[in-house]
Structures are given as C-alpha cells and as structure tokens.
Protein chains: 2
Amino acid sequence: MKRTNIADVAQKAGVSPTAVSFAFNKPEQLNSETVNRIRMTAIEMGYMPNPMARALIAQRSGIIGVMLPQPLSTVLANPYFHTFLQGISSMCDEQALSLMTLSPMNGSLDQAIARSPVDGFIIVGYNEAHHEVSLLRKRGIQYVLVDGDATCAPSVNIDDEQGAYLAAKYLVDKGHRDILILMLDTAFGHTDEELHGVAMRRMRGYRRAFDEVSVVWRNEWVLPSVSSMIGGQQNFDAAYEQGLRPTALLGAADAIAIGAIQAAIRRGMKVPEDLEIIGYDDSVLASLVQPGLSTVHQPIFEKGRVALELLIGEWESAAARVTDASTKQVWLPTHLVLRGTTT
Amino acid sequence: MKRTNIADVAQKAGVSPTAVSFAFNKPEQLNSETVNRIRMTAIEMGYMPNPMARALIAQRSGIIGVMLPQPLSTVLANPYFHTFLQGISSMCDEQALSLMTLSPMNGSLDQAIARSPVDGFIIVGYNEAHHEVSLLRKRGIQYVLVDGDATCAPSVNIDDEQGAYLAAKYLVDKGHRDILILMLDTAFGHTDEELHGVAMRRMRGYRRAFDEVSVVWRNEWVLPSVSSMIGGQQNFDAAYEQGLRPTALLGAADAIAIGAIQAAIRRGMKVPEDLEIIGYDDSVLASLVQPGLSTVHQPIFEKGRVALELLIGEWESAAARVTDASTKQVWLPTHLVLRGTTT
DNA sequence: GATATAATCTAAAAGGTTTTACTAAATAGA
DNA sequence: TCTATTTAGTAAAACCTTTTAGATTATATC
C-alpha cells in the first residue's frame with residue numbers, strides 16, 4: 001500500500017539512506033560496486049524519489065505555472081493560446097521544465113495558486129494591479145506578465161496600438177467610413193478593470209487612424225465581443241439587426257473576425273467585395289479559412305518563449321542576488337498581413 | 001529574500017507555529033480573537049503555506065497529470081485534444097483539482113514523471129505494456145488509460161472499430177470501390193508498438209466493412225499519416241502522384257480528412273461530387289470547414305470527464321482499501337455524422 | 001611505525017508544514 | 001472546596017529527501 005521510500009531501499013541494500021541518495025545524485029562519492037547494487041535494488045523495488053520531498057529541500061520544483069485569464073475550456077478554444085503555449089513549451093523542453101496551467105476556477109484563483117508547487121508564474125492577460133498578482137509580489141514569488149502592464153516585474157507585450165492603427169488605417173485610406181468594430185469585451189466591463197490593457201491599446205490604435213483622417217468615431221459602431229467565433233457571429237448579427245450596414249469590419253481578434261465572416265456570408269454578403277475584414281493576431285486559423293483572413297500579425301510563439309526566458313532570467317538574478325531595478329519590458333513588433341478578406 | 005514561513009508568522013503573532021496552522025485549517029481549536037490576530041499577521045506578512053511541504057505531509061498535491069503521446073506543440077495543434085482537455089478540466093474545476101500536462105520531452109518522459117508531484121495520471125494513447133506505464137504500476141502510482149488497452153487499471157476507450165466500420169460501410173454501400181484510406185501513422189511504425197491500439201481498431205473496422213461486401217483490400221491504398229492537416233494534404237498528394245484515383249476517402253482523424261479535402265480541391269476535384277470523404281472524431285473543426293466534414297462522432301469531452309472520474313474512483317477505493325479486481329473498462333459509443341463531404 | 005591523505009560510508013540537520021498527544025488554565029458541576 | 005470537563009494553546013513527531021559534517025577504514029608517504 002505504502003510507496004517504497006529511500007529508507008526501504010537503504011534497508012534492503014544494507015546501506016544508509018544517504019548512500020541511496022548518493023547512488024543517484026553523487027555516485028562518485030560511493031564505491032561503484034555499491035552504486036550498482038543500490039541502483040539494482042531501487043529498480044527492483046520500483047523506487048522513485050518523492051518529488052515533493054525533493055522539491056521541498058531543493059526549494060525548486062522545476063515546474064512553471066501559466067496563469068490564464070479565462071477557464072481552460074475557453075482558452076483551449078482560442079488558437080491564440082495554442083500557439084502561445086507551444087512557444088512556452090518548446091522552451092520548457094529545452095530547459096527540462098514542466099508546465100502547469102492555472103485558470104480562474106470556481107471563481108477562486110487564489111486557492112489554485114496557493115497549492116501550486118511552481119518556481120514562478122507566467123501571467124497572461126492580467127495587469128500588475130490585479131489582486132492575485134499583487135499577492136504574488138507580496139509573497140515574493142517570481143512572475144512575468146504577458147499582455148499586461150508592468151513596472152515591478154518583467155513583461156512581454158506586443159505593439160497592440162500600432163498593429164491596430166495599421167489595420168484601421170488600411171481601411172480608412174481605402175475610403176471606408178462605415179466600419180464596424182468588434183472589440184474585445186475586456187475593454188468594457190468595469191468589474192475586472194485589471195484585464196483591460198491589451199483591449200484598450202488596440203482601441204486607441206483604431207481610434208488614432210480614424211482621427212488622422214477625421215473619420216467620425218461612433219461608439220454605437222463599437223461592440224464588445226467575447227474572443228470566439230460564436231462571439232463574432234452573434235455580434236455581427238446584432239449590429240445588422242440594429243440597422244448597421246458596414247462596408248468594412250475590424251475584429252480585435254481573429255476568432256471574432258472569422259465568426260463575423262461567416263455571419264456576413266450567411267446574410268448573402270460577399271467578402272471582400274461587400275465587406276472588407278481585418279482581424280488581429282494572425283493565428284493559424286487566419287490562413288486556413290476561406291477566404292484567407294487579412295489580419296495583424298503578432299509573434300505569438302516567440303512571445304511564449306520570451307516570457308519563459310525572462311522568468312529564467314529572474315531566477316538567475318535572484319540567485320546572484322542582483323536586484324535589478326531595471327526590470328525588462330519587452331515589446332514585440334506587429335505588422336499587417338493581407339489575405340483574401342481585403343481587396 | 002527568504003520567503004516568510006509559518007515560524008515567522010508565529011513569532012510575530014506571539015504564538016506557536018501550531019497555532020498558525022490551526023488558524024487556517026482548524027480555527028475552532030483556537031480562541032476566535034487569536035485566530036483573527038494570526039490571520040491579520042499572516043496577510044500583513046504575505047504568508048502562504050508552502051505547497052510542497054503541505055503536499056508532502058498530506059501525501060497528496062491536488063494535481064493530476066495528463067500524459068500525452070506527443071510533444072505539447074503537436075497536441076495543441078490537434079482539436080481532438082482541445083476538447084478532451086476541456087472535458088478533464090471541467091471536472092477539475094468541480095473537484096478543485098489542478099491540471100498538469102506531461103509530454104515526451106527531450107526523449108525522456110521518465111524524468112518528467114519523476115519530478116511531477118501529481119496524485120495520479122491520465123495517460124492518453126499508450127497501452128499498458130508501455131515502459132513508462134509499467135513503471136507507474138510498479139511504483140504504485142494510480143493511473144487511468146485513455147485510448148489504450150488496459151487490464152490492470154481503469155480505462156476509457158471508444159468503440160473505434162464500430163465507428164470505422166460505419167464510415168467504411170457507408171461508402172462501400174454506395175458503390176465506391178476505389179477508396180483511399182489515410183490511416184494514423186501509429187498503426188505502422190514498429191518502434192513504438194505500444195501506441196497502436198486505437199489505430200489498429202479503426203483499421204479493423206474499415207476492413208470489416210470491405211470484407212462484408214467483398215471489396216478488395218489493397219495495402220497500397222492505405223497510407224500512414226500524421227494527425228494533422230498537413231499530413232492529410234501531403235498524403236493525398238502522394239497517393240495522387242502514385243497514380244491513385246480514389247472516388248472516396250476515409251481519414252482516420254478529422255485533421256487528416258480536412259487536409260485531404262483541401263488537397264483534392266486544389267487539384268480541381270469537387271467534394272463531394274468527385275470525392276466523398278469521411279473523417280473520424282467529429283472535432284469542432286468538422287462542422288466549421290466548408291463543406292462540412294462527414295465524420296465518425298465520438299464523445300471527446302465526456303471521455304475526458306469520465307477519465308478523471310475513474311481516477312477519482314481509484315483514489316477512493318484505495319482510501320477504503322478496497323482492492324477491486326474488477327477494474328473498470330469504459331467503452332463509449334460512436335456514430336456516423338453526415339455533413340457536406342458525402343452525398 | 002607514525003602520520004597524512006584518500007576512499008567509503010553514515011548520522012544528523014534542514015526544508016515547512018500538519019497532526020497527534022499533551023499541558024495548563026479556566027469553567028462547570030456537586 | 002474538590003473533581004470533571006472544557007477551552008486554548010504547545011511540543012514533538014511525521015512526511016521524505018538532500019546535504020553537511022564527520023567517522024571509519026584503507027592506502028600512501030616518509
């Protein structure tokens with residue numbers, strides 16, 4: 001019933017627990033004959049060191065936690081996160097780290113954080129002001145923010161504002177004036193203010209392009225949408241039923257834009273002839289849908305890798321007892337990718 | 001630098017470490033005034049119990065490990081796993097458990113397993129004979145197999161054979177004789193024999209339908225493909241260049257079938273007029289592509305939930321010291337879903 | 001033959017919590 | 001007033017490993 005531990009192996013091999021530990025971790029401290037005997041005994045008994053005990057003493061578990069802004073089921077439905085997690089995990093492979101995902105669960109991230117034996121967090125979609133994040137800071141647990149504003153910790157962001165600007169600019173320059181904007185809903189709610197960095201930046205980018213050529217910004221043409229195809233569909237339909245007849249559409253996420261394409265086609269519109277569409281993210285789906293989605297490219301995969309690199313950097317500077325006042329804020333570039341949903 | 005521990009809090013609050021522990025876990029053992037004082041002090045000092053120490057003594061971490069058959073980057077590109085993980089995580093939410101994914105890393109799953117502080121594993125796509133799995137069994141770590149043959153542990157599988165049979169039957173009954181089969185490559189390689197349960201079952205199902213109406217089974221019409229759209233594309237092209245001119249196609253995974261659709265359309269074929277296609281899985285993509293993919297439905301989400309349910313059942317029977325000789329082997333049903341790629 | 005060094009191995013501490021068993025003080029019961 | 005019970009708190013063991021410092025024996029040096 002009980003799992004075999006180091007003492008069991010030691011007893012059977014006729015040595016001390018220390019010797020068993022050495023046999024695995026510092027074999028040069030032991031007679032090679034003894035090492036072999038101990039290893040044999042261990043294999044025979046199916047012994048593996050208890051990872052919790054090991055992590056407890058080493059003060060590190062080799063696990064990094066990824067804190068996600070939405071329940072895992074929502075996140076997994078979003079191609080943006082697939083690529084992002086791929087980026088992190090490719091780095092994990094190289095560094096022999098394991099990955100653990102944390103999502104708001106039963107409304108309580110706190111609990112999940114409290115019982116996570118991780119060496120640090122990559123936090124996606126929260127600002128530093130967020131309650132959970134400030135808790136980590138107080139506790140002295142290292143973290144890196146992604147898609148969120150930071151000053152006390154390293155962060156990775158993209159140039160959301162510029163990307164959005166490029167997309168909107170492209171459309172207004174072509175003469176469009178009735179542009180429907182399906183914005184991330186995180187820009188609206190007032191309950192979770194901390195989430196809103198990315199959405200606000202994209203909104204500002206769109207707005208800047210409008211202002212530059214004096215296109216009127218009408219709030220009723222900006223709809224909040226959840227980041228999913230369903231969200232895009234529903235909001236396009238809602239806009240249409242309110243009497244809006246856009247000639248172009250800006251989707252603040254690819255999933256939203258793709259949903260909108262489908263809704264538009266279903267209403268008999270032709271894309272891009274009747275409706276030009278530009279999304280955001282350049283997720284894998286963008287090049288797969290028909291017609292291919294024009295969108296703002298961001299280096300999602302790289303974002304994940306850089307985030308983990310920064311976290312590892314934090315560990316190293318902590319180990320070297322360097323208090324780097326200059327925490328690294330990384331900004332990755334964005335650019336416009338034109339495919340079939342624009343002419 | 002050092003994280004505040006229970007002793008620090010105890011000292012500052014003028015009580016013993018035991019009292020601090022009680023303040024959080026068994027407040028009724030303490031004067032409520034004392035409880036408040038301790039809790040205040042803890043919050044003030046940013047104290048959280050060390051999860052490793054806690055897990056060490058509790059002999060459980062509240063984390064379940066999901067062992068995947070491919071690197072995480074591959075898995076995340078596969079919609080089948082999205083839905084499957086969603087199923088597990090919905091159950092995790094309900095049970096206040098955390099989720100940790102393990103993938104073959106640097107060729108060594110062993111290492112990752114060894115340092116994973118998990119209460120049990122959900123193992124996807126491996127048979128019981130697999131080296132890592134037998135290691136777990138020997139070690140006495142609980143696990144549940146998904147998409148793999150089991151006798152010593154609980155398992156969740158679908159009726160792969162019947163689903164495949166239904167798909168093939170539909171096509172042969174309509175008179176097709178030149179049917180290209182893009183099979184999971186796991187059915188072929190001889191190095192990783194343990195992986196092949198699912199693929200072999202699907203192959204047998206296809207074959208049974210062929211045999212039933214005496215359609216000749218030609219091995220050169222069966223191609224191994226990786227489970228991705230790229231894989232489907234490449235293999236359809238390869239078949240075409242070998243001179244094969246199928247009138248119908250069976251894809252052993254939706255991703256493969258979708259890739260094949262695209263390759264066929266690119267060659268000027270009309271789907272379903274020139275080529276009828278049936279996939280496998282009924283992943284979310286199946287209903288999104290144009291034309292909608294006819295496919296074999298399996299309850300992927302439920303599969304994830306059931307897997308975790310079984311694992312929890314294992315914990316309970318272990319706690320009750322019940323050695324259930326009758327380990328549960330769950331078989332979920334499959335059925336055919338017809339959409340636009342069949343007439 | 002005595003001493004210095006190297007080779008093997010072990011005892012004990014440390015890591016941070018929870019839990020069990022126990023003490024001391026206060027209250028209740030008679 | 002004395003005993004029984006409750007209340008409030010603590011000391012120490014347990015969880016399992018790694019690591020440090022030390023012990024014992026064998027080997028090399030002079």
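Keep in mind that this is a model prediction, so the values were computed, not measured. Numbered from 1 within each chain, the chains take letters A, B, ... in sequence-line order.
Atom-to-atom distance recorded for B:Asn36:CG and B:Met40:CE is 6.0 Å, nearest 0.5 angstrom. In this structure, A:Leu109 CG and A:His130 NE2 are separated by 6.5 Å, a value rounded to the nearest 0.5 Å. Atom CD1 of B:Ile88 and atom OG1 of B:Thr83 lie 11.5 Å apart (nearest 0.5 Å). Rounded to the nearest 0.5 Å, atoms OH (B:Tyr47) and CZ (B:Phe24) are 7.0 Å apart.
Atom CD1 in A:Ile141 sits about 13 Å away from atom P in C:dG16, given to the nearest Å. A straight line from CZ of B:Phe24 to P of D:dG9 spans 15 Å, rounded to a whole angstrom. If you measure from atom CD of A:Glu33 to atom C1' of C:dA7, you get 14 Å, rounded to the nearest angstrom. Whole-Å rounding puts the B:Arg37 CZ to D:dA8 P distance at 13 Å. Straight-line distance from the CD atom of B:Gln11 to the C1' atom of D:dG9: 18 Å, rounded to whole Å. The distance between atom CG of A:Asn31 and atom P of C:dA6, rounded to the nearest whole Å, is 18 Å. One interatomic measurement links the two molecules: CG of B:Leu30 to C1' of C:dT18, which rounds to 14 Å at whole-angstrom precision. Whole-Å rounding puts the A:Gln29 CD to C:dA6 C1' distance at 12 Å.
The aromatic rings of A:Phe84 and A:Tyr80 lie parallel to each other, with less than 30° between the two planes, well short of the 60° mark.
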- Message: At under 4.0 Å between heavy atoms, how does the protein contact nucleotides 11-18 of chain D? Give one character per nucleotide, 5' to 3', with B, S or -.
- Response: BB-BBBBB
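Here the side chains of A:Ile123 and A:Leu136 are in contact, with some heavy-atom distance below 4.5 Å.
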